[in-house]
Amino acid sequence: MMRKFWFLIPALFLLAAGISFAEGPELARTPPMGWNSWNHFRLNINDAVIRAQAKAMVDSGMKAAGYEYVVIDGGWEGYHDAKGVFHSNNKFPDMKGLCDYIHSLGLKVGIHDSPGPVTCSGREASYGHEQQDAETFARWGIDFVKYDWCSGSKVYKPDQMKAAYDKFHQAMVSTGRPILYSLCQYGMQNVWEWGASVGGNMWRTTADIQDDYFHMAYIGFEQNGLEKYAGPGHWNDPDMLEIGNGQLKPVEERMQMSLWSLLAAPLFAGNDLTNMTPETLDILSNREVIAVDQDREGIQGHRVWQRGPMEIWMKPLADGRKAVGMFNREKRPMTMTLKLKDIGVTGSAKLRDLWAHKDLGSFTGSYTTRVPGHGVVLLRVEP
Ligand code: GLA
C-alpha cells in the first residue's frame with residue numbers, strides 16, 4: 001500500500017514548505033525603509049500627493065536603493081459611520097485604489113492611527129473600533145501601521161498602555177494580513193523593554209524630531225545604551241530623516257544618515273521625493289551607507305569613545321567587519337584619531353571611506369583624519 005504512494009512524499013515536503021512560506025518571512029528582518037509624509041507635508045496630503053511620492057520613490061532610484069514603505073501619516077482620517085466602519089476623508093476618495101496603485105509599483109503602504117479617540121491632530125482614531133479598523137486596513141491593503149499614542153491618556157491609565165498596544169496587535173493578527181507594527185509613544189515607560197512583546201516591529205524612542213541640527217544630533221547621540229533591545233524583527237526608532245527638508249547642511253545630513261545607519265534605525269525619508277537636489281538623493285541613496293544599516297546581523301551600534309564634542313561609534317557587521325563613525329559635534333573641523341583597539345581590532349585592518357567611496361589602505365594601531373564641523377567620517381573596517 002505505502003509503496004503505491006511513495007511519489008506523494010516529495011509533494012508532502014513541498015506542502016510543508018509551502019505552509020511556512022505562506023506565513024512569509026519575518027517582518028522587518030532588517031530595519032524597515034521607506035518614506036513618510038509627516039516631516040515635509042504635515043497635514044497637507046491627499047491622494048495625488050501620495051501617488052506622486054510613491055512614483056518618485058521608484059523613478060528616483062530610491063526604491064532600487066532599498067526604500068519600500070510609503071507611509072501616509074496624519075491627515076487621511078475621515079469618520080466612523082453608523083456601523084462603525086472607518087472612512088478616509090474626501091482628500092482620499094479611494095483608499096483601496098491608492099493602495100493598489102502603490103502595490104503596483106512594487107511598494108508597500110503604511111498608515112497612521114492612534115489607540116486614543118482622536119489623533120494628535122484631533123482627527124478620529126481607533127479607540128473602541130480596534131477590531132473593525134484593523135479589518136478595514138487589511139481590506140484596503142495596508143502593510144504598515146504607525147500606532148501613535150496621541151490622546152491615549154484620555155482613555156487609558158498609564159499601566160494600560162501596553163495592553164492598548166497589544167489590543168491592536170491582536171486585532172491585526174486576526175486579519176491574517178502581515179502588517180508591520182510601528183509603535184509611536186515617544187519612548188514612554190521604556191518601550192524598548194516591552195515593545196516586541198506586544199508585536200512591535202519598531203518603536204519610537206524619543207519625542208518628535210525637528211528639521212534642525214540641534215534636534216537631530218540630540219536625538220541621535222542619545223540612543224547609546226539601547227542597542228541591546230534591537231534586533232531582527234524589532235528595532236529602536238529614533239524618528240524619521242530630515243534630509244532634504246532644508247534646514248540641515250549637507251555635512252549634517254551625512255551625519256544623520258551615518259548615525260541612523262550605525263544605529264540600525266528604520267530609514268524613513270521625510271522630504272519631498274518629487275523635488276530633490278542631486279545631493280539629497282545622493283545622501284539618501286548611498287548604498288554603502290545603507291548596507292551598514294541593513295547589515296544582516298542586525299546589531300545596533302554604540303559609542304566606543306568620546307571626548308567632548310568628538311564621538312566614535314561602532315556597529316559590528318557580518319563576517320567580522322565593523323562600521324565606524326567618527327563624529328565631530330563641534331562647528332569647526334577637528335582632527336580625530338580612531339584607536340583600532342577601541343573597536344576590538346588588534347592587528348591591522350583595511351579601511352574604506354563610505355562617503356568618499358574610497359579604499360584608504362591598511363592601518364595598524366590607529367587612523368587619524370580631519371573631520372568637518374558638524375560632520376562625520378564613516379568607515380568600514382575589515383580586520
Ligand atoms: C506625532 C508623531 C509624529 C506624527 C504626528 C502626526 O507627533 O510623533 O511622528 O505622526 O503625531 O500628528
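This one's a predicted model, so the numbers in the text were calculated from it and none came from an experiment. In listed order, ligands and their atoms are each counted from 1.
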Quiz prompt | Worked check of ring-ring contact (aromatic ring centres under 6.0 Å, His included) between Tyr156 and Tyr127 | solution = CA-CA 10 Å; Tyr156 292 114; Tyr127 179 67; 5.6 Å; yes
Quiz prompt | Mutual orientation of the aromatic rings belonging to Phe144 and Tyr69 [parallel < 30°, tilted 30-60°, perpendicular > 60°] | solution = tilted
Quiz prompt | Transitive ILVMFWY cluster of Val251, excluding itself - 4.5 Å side-chain cut-off | solution = none
Run the side-chain donor-acceptor check on residues 364-372: report pairs under 3.5 Å with partners two or more places apart or on a different chain.
| unit_1 | atom_1 | unit_2 | atom_2 | d |
| --- | --- | --- | --- | --- |
| Thr368 | OG1 | Thr337 | OG1 | 2.8 |
| Arg370 | NH1 | Thr335 | OG1 | 3.0 |

Quiz item: How would you list, by chain and number, the residues with a heavy atom under 4.0 angstrom from ligand 1?
Solution: Trp38, Asp73, His112, Cys120, Ser121, Lys146, Asp148, Cys184, Tyr186, Arg204, Asp208
Exercise. Decide if atom NZ of Lys55 counts as having more than 12 heavy atoms of other residues, nucleotides or ligands within a radius under 6.0 Å.
Key: no
Self-check item: Asp319: side-chain hydrogen bond (donor to acceptor under 3.5 Å, both in side chains) partners, not counting sequence neighbours
Solution: Arg296
